[in-house]
Amino acid sequence: MSTPETDTTKPSTTYITTPIYYVNDRPHIGHCYTTLVADVLARFHRLLGNDVFFLTGTDEHAEKVVTSAKAHDMTAQQWADHNAARFREAFQFMQFSNDDFVRTSEDRHKLRASAYIQRLVDQGDIELGDYEGWWDASQEEYVPENTAREHDYKSPVTKKPLEKRVEQNYFFRLDKYEDWLRAMIEEKRIEVLPEQRKNEVLGRIKQGLQKVPVSRKIKDGDEDWGIRMPNDPDHRVYVWIEALCNYLTVVDNAHPACDTSKAEGDRRTYWPKSGQGASNVVHFMAKDILWFHAVIWPAMLHALSETPPTTVYAHAYWVAEGVKMSKSLGNFIELDDLKAYADRYSLDAVRWYLITQGPLGATDADFAYKRFVEVYNADLANGIGNCASRVGNMIAKYFDGKIQDWQILEHFNIEVDGETVLRTPPRGRAVPLAQSISNLINENKIGDLLLSAKSAIRIIDQFLSDTAPFKLAKDPSKLQEVHSILYQAAESIRIVSLAYFPTMPEKMAQLWRNWNCTHLNDPNDIESGFVAPLMELAQWAGPYGLKPGQQISKGDALFMRADVNAESPAATKPD
């Protein structure tokens, strides 16, 4: 991953964001998925010992919020309060570890965002003018003529008809920054991912950038909702421009517009000004809002003499059972559906399925019940769950659940087709996996990392099958060999479980409690933090490794095998 344009040193901090979500409706799988990706990345960085700040929240000043509020006989503020609470509850249920939750109706955001916009006006980056164009009410943005024509004058996202509007607006001079933006993205100083998205953005930039409207004139009867243009109260700032500012308003706590520094602490290190240090800033979002984050937002930051984001990552969409999700079809995967799956299979199983099967790349992903069960059984019940159970049960059975103070054998002879074959322990996969986490996470390769973790578990499982300690244990003279096999399998599982933790924190903490591991400051609190960085925790037989006399409890199975013939939990959940 590249570092910001003005500092080539390695960033000392990581700042991870999700988009802030519209409060016109309740949260669903799309909101939960994007936030989960950010959560897993944040947890990996904390595991590495990095200084991390993880932000999510709600975008509340949209026209559609006013419309939805009226439909529910509420004011916009009441409706925003209602749905912001639903998002908080959803994210608490999903056990997201965000450090803050911003609402754009808060003074800390409104005052700082207004100050940024005023600076852009003062220096000529925002100017007043007339505009005629196609308005996408569903996305609250203007669509260029060529894009409108290409999509038969319908929204490229929702397919709803576009509106022809003639307005006096304030405009941001995006065109001033075309050459700078192209160079930053081409040279990966702003890294747009996946690669296909980068190519799309560059292709659109090469068509030429225009001024973009950033306000609309207030009409008689409009509800007083949103941020007004500084020094021109007849205009209201478009939701998208002030919403983008949230990433900065939350950490710019030294800004005089709103003194909350005592409550927030010193956050400016997470997004230092140009030339004042480096931070790894990663924006996650769905592909429909990539343009705002990869083009308009970096240009605004550059105009404000702020450092642009390091990475802008735009994932694809979820579909349901092979069909695009839509309100008309009623097939959105809602929070209640995810809760129903969690009730049957555990929340960590839901998190695992979403993160490993989700649309992190450029291709849409399918949330399908049969696929969920297949992944659950293969990766969890028959994977990490079964492997840990086998080892824990055999240590309990043959050694009263204790690690022995015996010399650990390094090689094992097994019989394969009548010939003796040397089999080495799986530490050769566990330790390198831990060592590779830093590089994979710095490149946002969560999928590759979890694939490596699954592969390591399969190798441990195969090692157990090959060496067959359950057979050797029948001969009392072979007990030291049995213990060596089980110890090395257990220590390998312990190290690999660290790579599983950011996705499945509850289940891995359960395993560590069963095995009396001391990875967490508080074994009963998965948010308590680690007692040491990953490379210390992952040392083979190191200070935090399994030790003679350590009690290994069988405990409850991490994951029970799922019945492939059972009805979908979403189909049977209560109304």
Side-chain angles (χ1 to χ4, degrees), residues 22 24 59 61-67 113-114 116-182 200-245 288-300 302-303:
Y22 279 145
N24 61 300
D59 183 359
H61 290 143
E63 285 184 12
K64 61 180 72 175
V65 174
V66 176
T67 303
S114 293
Y116 303 149
I117 292 166
Q118 183 64 64
R119 280 174 55 192
L120 294 174
V121 172
D122 292 344
Q123 63 196 36
D125 282 291
I126 290 180
E127 59 187 19
L128 189 63
D130 294 322
Y131 185 81
E132 179 178 354
W134 294 101
W135 173 253
D136 184 347
S138 61
Q139 298 300 107
E140 300 208 16
E141 64 170 313
Y142 277 100
V143 175
E145 174 65 35
N146 60 336
T147 302
R149 185 170 55 251
E150 179 185 346
H151 292 273
D152 194 25
Y153 299 96
K154 295 178 180 177
S155 167
V157 178
T158 64
K159 311 307 178 188
K160 294 182 179 179
L162 301 175
E163 302 173 17
K164 191 71 171 181
R165 283 190 178 182
V166 180
E167 293 185 335
Q168 184 185 64
N169 303 99
Y170 281 88
F171 293 84
F172 174 57
R173 290 293 309 279
L174 182 63
D175 54 315
K176 289 173 55 176
Y177 301 105
E178 181 176 327
D179 293 340
W180 176 82
L181 278 164
R182 183 186 300 181
E200 290 172 1
V201 168
L202 286 173
R204 187 169 168 183
I205 290 175
K206 289 173 183 176
Q207 294 176 11
L209 297 181
Q210 308 294 324
K211 302 176 186 178
V212 291
V214 299
S215 76
R216 64 172 307 198
K217 200 161 188 177
I218 298 172
K219 300 175 183 177
D220 291 340
D222 284 355
E223 185 170 345
D224 188 14
W225 184 242
I227 296 177
R228 299 203 177 198
M229 282 296 297
N231 299 318
D232 191 348
D234 290 338
H235 283 257
R236 183 177 291 119
V237 180
Y238 277 142
V239 62
W240 58 261
I241 190 170
E242 60 103 342
L244 288 167
C245 293
D288 58 319
I289 52 174
L290 172 61
W291 184 254
F292 299 105
H293 288 81
V295 176
I296 297 174
W297 175 229
M300 288 170 57
H302 188 57

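Residue numbers start at 1 and run along the sequence shown.
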Applying side-chain hydrogen bond (donor to acceptor under 3.5 Å, both in side chains), can you list everything that pairs with [X], at least two apart in sequence or on another chain?
| X | value |
| --- | --- |
| Glu150 | none |
| Asp175 | Arg173 |
| Trp134 | Glu145 |
| Thr67 | none |

Taking the side chain as every heavy atom from C-beta outward, state whether [X] and [Y] have any atom pair closer than 4.5 Å.
| X | Y | value |
| --- | --- | --- |
| Ile126 | Phe171 | no |
| Ser114 | Met229 | no |
| Trp180 | Pro298 | yes |
| Val143 | Ser155 | no |
| Phe292 | Leu244 | yes |
| Leu174 | Gln210 | no |
| Trp240 | Ile296 | yes |

Closest contact, heavy atoms only, Val201 versus Ala294: CG2-CB, 4.2 Å
Under the side chain to side chain contact (heavy atoms under 4.5 Å, CB included) rule, collect the residues that match up with [X], sequence neighbours excluded.
| X | value |
| --- | --- |
| Pro144 | Asn146, Thr147, Arg204 |
| Asp130 | Gln168 |
| Glu132 | Lys164, Val166 |
| Asp152 | Lys154 |

Intermediate values then yes/no, ring pair (Phe, Tyr, Trp, His ring centres under 6.0 Å), Phe172 and Trp297: CA-CA 11 Å; Phe172 174 57; Trp297 175 229; over 10 Å; no
Heavy atoms of other groups near Lys160 NZ, more than 12 under 6.0 Å: no
More than 12 heavy atoms from other groups under 6.0 Å of CD on Glu163: yes
Could you work out, with ring-ring contact (aromatic ring centres under 6.0 Å, His included) as the rule, every residue matching [X], not counting sequence neighbours?
| X | result |
| --- | --- |
| Trp291 | none |
| Tyr22 | none |
| Tyr170 | His235 |

Donor-acceptor side-chain pairing of Ser215 and Asn169 below 3.5 angstrom: no
Sequence neighbours excluded - salt bridge (charged side-chain N to carboxylate O under 4.0 Å, His left out) pairs with any residue from residues 227-242: Asp224-Arg228
